[in-house]
K.L.:
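First the structure, then my questions, so here it is.
Keep in mind the model is a prediction, meaning the values are calculated, not measured. First the proteins, then the strands, lettered A, B, ... as listed; each starts at 1.
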Amino acid sequence: MSGFTEDEAFEAAAVPLSQRAMAQHHMPYLDGLNPAQREAVETLQGPVLMLAGAGTGKTKALTTRIAHLLATGTARPHEILAVTFTNKAAREMKQRIGGLMGEAVEGMPWLGTFHAVCVKLLRRHAELIGENVSALDQIIEDPYDKGPVPRPPNQSLPKGASAANNGLHLKSNFTILDTDDQIRLLKQLLAASNIDEKRWPARMLSGIIDGWKNKAWTPDNVPVAESSAFDGKGVDLYAAYQRRLLELNAVDFGDILLHVVTIFQKHPDVLEQYQRWFRYILVDEYQDTNVSQYLWLRLLAQGHKNICCVGDDDQSIYGWRGAEVGNILRFEKDFPGAHVVRLEENYRSTPHILAAASGLIANNKNRLGKTLKTSQKDQGYRVRLMGEWDGDAEARWVGEKIEDHWAGRSEEAKNRFNPRLKNFGQELDRRAKAGLGPISEHDYIKQAFETGEVYRNLKTLNLVRALLKKNDPSSENMLGAVKDYRVNKFGLDEIAILVRASHQMRAFEDRFLSIGLPYRVIGGPRFYERMEIRDAMAYFRLAVSPTDDLAFERIVNTPKRGLGDKAQQTIQRTARSNGVSLLEGARLCCQGKLLGGKGLKELTILVDSVDRWTAQVRAEADTHVELAEMILDESGYTTFWQNDKTPEAPGRLENLKELVKALENFDNLQGFLEHVSLIMDNETEEAGEKVSIMTLHAAKGLEFPAVFLPGWEDGLFPSQRSMDESGLQGLEEERRLAYVGITRAEEICTISFAANRRVYGQWQSAMPSRFIDELPPDHVEVLTPPGLYGGGYGAAAAPASAVGSDLHDKAHKADVYNSPGWKRLQARSGQRGVSQPAEARNMTIDLDAVSAFTEGDRVFHQKFGYGEVMGIEGDKLEIEFDKAGAKHVVARFVVSADQADDVPF
DNA sequence: TGATATACTATTTTT
DNA sequence: TAGTATATCA
């Protein structure tokens, strides 16, 4: 809270602010802004919508706005509510505000993620959740103000909800469950309700409930239209689940927002406090807000109406997680008189890349529409397009290209690589610190060339361009030199591969491993989601609060203590019949000798250990770090992994050490547990220059000089499933994803696709993505050799010279767009529908193709070569290949050996 | 109870 | 195909 009590904050808010805000002495932080950014920063009063296209400096505008609020004395740190979606974004904002203001600013207590801020609020008012869950309103509130909807009389109130009247309510020290706990809990509920978990899996239910929570529907608020969900039992189970959570004094991620919204709706006095308190509200990535978040913001903003939302409807890619693009589209309706600022000046990508991305996204119908501009004169390189035979060939080709681009491969280049000179501003700083005088841009660049300290960065290039504009005679040469140097040369950190689905990463990992190309996968399982971390955390949780049943369940038999299903059931039963926690139930089992042999002995030891740990936590005898280590040792958990012979065991031990180290940043175990559930960051940034591999979703907000976008095939990208499930909306979201991908690239963007790919172990052929057709041809350079779709196998292995090693070469383009293969692609792609059912695509059994063969036939397959048919199964042939051995192959990928010369694919 | 065999399913995942 | 979850057996 940075030293402010609630009262003080209110007092501060009540006092009119001094007019020193208007004292317009020079504000250096405003200098670097373009007019639109400046407008967004300086329009402090009233609602503001900042539509910020990719790479237009929206974080800069947002942070500068906060700095401006503070520097002008318009608001104090604690009066500003600034919310982001990720911890990373929140951190970055804090840092940049600090940078703008100098070190003088004290922390901003209300800058954080939606969840972090709401947890803070919920801990203050937790007790308001639970009492009278359903008594208050019998109307369903429509978030979008079409008027309240009366509850239909035929819908009975779910049992669980109204039963919560017996004084049960949330307590301020509630635990936050993650997805894993959530599923386990639901599984128990399903088992208790005798629901067949096979037909109605807990995962599905959790998805449904999450969806409802995202829409801000409490169990008694779920519309009738949803009553058939989950075999008609969805709503009841939801109510039961909420009740169970209350009993456990726990909330899940969805609850964090939902509960706070509920409190605001039912307790106007509480809401009013915060409306007064938060005089200025700022929201990042507004296009990603769901209904709960939207309601929360709208309620809070009704106070001072100083809300500034930043977003880009074209980058809305989380619709499947409940995000409502509609929120950004209707901002002006929600906040009449809203000031709309468009940031359209792009500082990231070259004109060619920008044009390609703009051309693609123009195919979307539902959007506000923005035109990204750049002042960059040099067009840069066209978006490169490459087709390959299969996924492996694609990975191979990308690997080769990266090696070509890798500046570090040449020693000479490495010597010239000097991040210190990344831009002119940094150089000025460096000189100031070193006591050297200032330097002109011109001299800076000249010197950089003379000393060989040139960093091939867009910023350097832009400096040279600036000199060109000023008609500086020497700049012409410099421009040439910079460009020569820059062609194809990057550090590995500057290269990224962005895939649609994580399984695509594998091909690249395999390939890069075998050629020794350093890479790093971004995303993956997060640190706090790893099994060993969660186990360890469960031990800590139990030590801190012995009644944490979920934690107990998790660790009773981890490591193995001979306490299987039966023993655990006995414990459960004992606990329930005595109305006590599982730990107490276990204690009773031990005392009453309700268990046999090994289990009894082990359980007694466990119960005793937990008692001891709890006592030590309370006594604060040891430091919490020592205590944590002790718990892990005494429980046998460390030993468990030490004895484990699987290859990942050492890594897991390493992670445990990491966890203990992380504890050092907190005062005690409780504090650690409270914060950790919201910080799911993967902070283990190993050093070293590496290529990044990640999903397109993970890439949002990032930028790289060179970007590879593989797997642009219809069905994979756009994903068939998205199109099947969400039709045109789904397709448009996929297109936005493509747009996000392209706009990550600063200088070189390479799109590729494969004609064949193995999907679930089956070879499948695919069409190039429809998004490829939508790229404006003038901004695309096709590297795909004409042979790929005419000459068949081997075309992909064409020598580099034929693959267009010169990025400026336009000659290939016309050739390929006109080649028979390309035309055939176009013709075939014309048959595609928006939401062709998956079955039609995948389950076609081409019996004609099978019947063309009999056992003993000599055949040819593009990948495996020549072989002999050994048998026929359905639409598949069993073939003994000369080189590749026995394989099962779909018949239409095979031709008889004598036709092998004329293969269409 | 614990280990092995079989069956099943399979995007994207900010917190 | 491969990874996981459940079923079965020792």
Side-chain angles (χ1 to χ4, degrees), chain A residues 83-91 112-119 176-179 182-183 187 197-198 201-203 206-207 210 213-214 251-257 284-285 287-290 292-293 315-323 391 498-507 522-526 528-529 557 560-568 595-599 602 675-682 694-701 711 715-726 730 733-734 736-737 740-741 757-764 838 842 887-888:
Chain A
V83 279
T84 64
F85 277 87
T86 64
N87 291 303
K88 197 174 153 209
R91 237 183 351 250
T113 64
F114 275 98
H115 292 264
V117 170
C118 282
V119 164
I176 300 166
L177 304 190
D178 57 32
T179 333
Q182 201 185 340
I183 301 271
K187 272 190 179 159
E197 239 232 85
K198 281 249 180 64
R203 290 209 156 275
S206 109
D210 277 349
K213 289 186 175 175
N214 286 336
V251 301
D252 64 21
F253 282 125
D255 284 333
I256 295 174
L257 259 299
D284 195 15
E285 307 278 19
Q287 77 282 351
D288 289 339
T289 48
N290 62 31
S292 282
Q293 289 155 340
Q315 291 187 68
S316 161
I317 54 175
Y318 283 105
W320 51 276
R321 261 190 139 250
L498 313 181
V499 297
R500 171 69 247 260
S502 46
H503 65 251
Q504 290 172 261
M505 294 179 179
R506 202 196 168 107
I522 313 258
R526 271 173 284 280
Y528 290 104
E529 277 170 8
N557 205 26
K560 300 272 185 287
R561 294 197 171 84
L563 296 160
D565 278 352
K566 230 175 119 199
Q568 288 186 39
L595 295 170
K598 193 183 168 218
E602 292 279 350
H675 285 271
V676 110
S677 39
L678 288 177
I679 307 167
M680 290 294 210
D681 275 351
N682 223 353
M694 68 188 93
T695 62
L696 286 159
H697 284 90
K700 197 174 79 159
L716 179 60
F717 190 37
S719 135
Q720 191 60 50
R721 199 156 153 184
S722 281
M723 292 188 291
D724 290 346
E725 284 172 9
S726 316
E733 181 153 316
E734 295 284 307
R736 292 193 288 267
L737 205 46
V740 167
R757 198 174 286 276
R758 213 158 43 175
V759 182
Y760 307 140
Q762 292 275 317
W763 281 99
Q764 290 203 294
N842 298 330
K887 301 263 186 236
H888 286 258

K.L.:
Do the ring planes of A:His115 and A:Phe253 sit parallel (below 30°), tilted (30 to 60°) or perpendicular (above 60°)?
P.N.:
perpendicular
K.L.:
What residues, two or more places apart in sequence or in another chain, satisfy side chain to side chain contact (heavy atoms under 4.5 Å, CB included) together with A:Glu733?
P.N.:
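Once residues adjacent in sequence are excluded, the partners of A:Glu733 under the side chain to side chain contact (heavy atoms under 4.5 Å, CB included) criterion are A:Trp320, A:Arg736.
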K.L.:
Establish, with yes or no, whether the OP1 or OP2 oxygen of B:dT13 is under 4.0 angstrom from a side-chain nitrogen or oxygen of A:Thr179.
P.N.:
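For B:dT13, OP1/OP2 do not have a side-chain N/O of A:Thr179 under 4.0 Å.
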K.L.:
OP1 or OP2 of B:dT15 versus the side-chain N and O atoms of A:Asn290: is any pair under 4.0 Å?
P.N.:
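No.
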K.L.:
What is the distance, to the nearest angstrom, from the CD1 atom on A:Ile317 to the P atom on B:dT12?
P.N.:
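Rounded to the whole Å, the gap is 13 Å.
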K.L.:
Map A:Ser722 and A:Gln568 onto DNA chain B by nearest heavy atom, then report which one ends up closer to the 5' terminus.
P.N.:
A:Gln568
K.L.:
Take nucleotides 1-6 of chain C nucleotide by nucleotide from the 5' end and write B, S or -, depending on whether a protein heavy atom sits under 4.0 Å from the base, only from the sugar-phosphate, or from neither.
P.N.:
BSS---
K.L.:
Between atom CH2 in A:Trp320 and atom P in B:dT15, what is the gap in whole Å?
P.N.:
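The answer, rounded to whole Å, is 12 Å.
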K.L.:
What is the separation between atom NE2 on A:His503 and atom P on B:dT11, rounded to the nearest whole Å?
P.N.:
8 Å
K.L.:
Rounded to whole angstrom, note down the P distance from C:dA5 over to B:dT12.
P.N.:
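Rounded to whole Å, the distance is 16 Å.
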K.L.:
Within the stacking criterion (centroid distance below 5.5 Å, interplanar angle below 30°), does A:Phe85 stack on B:dT15?
P.N.:
no
K.L.:
When the distance from CG of A:Leu257 to P of B:dT15 is rounded to whole Å, what number comes out?
P.N.:
13 Å
K.L.:
Any donor-acceptor pair under 3.5 Å between the side chain of A:Arg321 and the base of B:dT15?
P.N.:
yes
K.L.:
For the NZ atom of A:Lys700 and the CG atom of A:Leu498, what is their distance to the nearest 0.5 Å?
P.N.:
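Here the rounded value is 14.0 Å.
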K.L.:
May I ask you to test the A:Thr695-A:Met505 pair for a side-chain heavy-atom distance under 4.5 Å?
P.N.:
yes
K.L.:
What is the distance, rounded to the nearest whole Å, between atom NE2 of A:His697 and atom C1' of B:dT15?
P.N.:
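Those two atoms, NE2 and C1', are 15 Å apart.
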K.L.:
Under 4.0 Å between a side-chain N/O of A:Thr695 and OP1 or OP2 of B:dT13, yes or no?
P.N.:
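Yes, within the criterion.
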K.L.:
To the nearest 0.5 Å, what is the distance between CD on A:Gln504 and CZ on A:Arg757?
P.N.:
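These two atoms lie 5.5 Å from each other.
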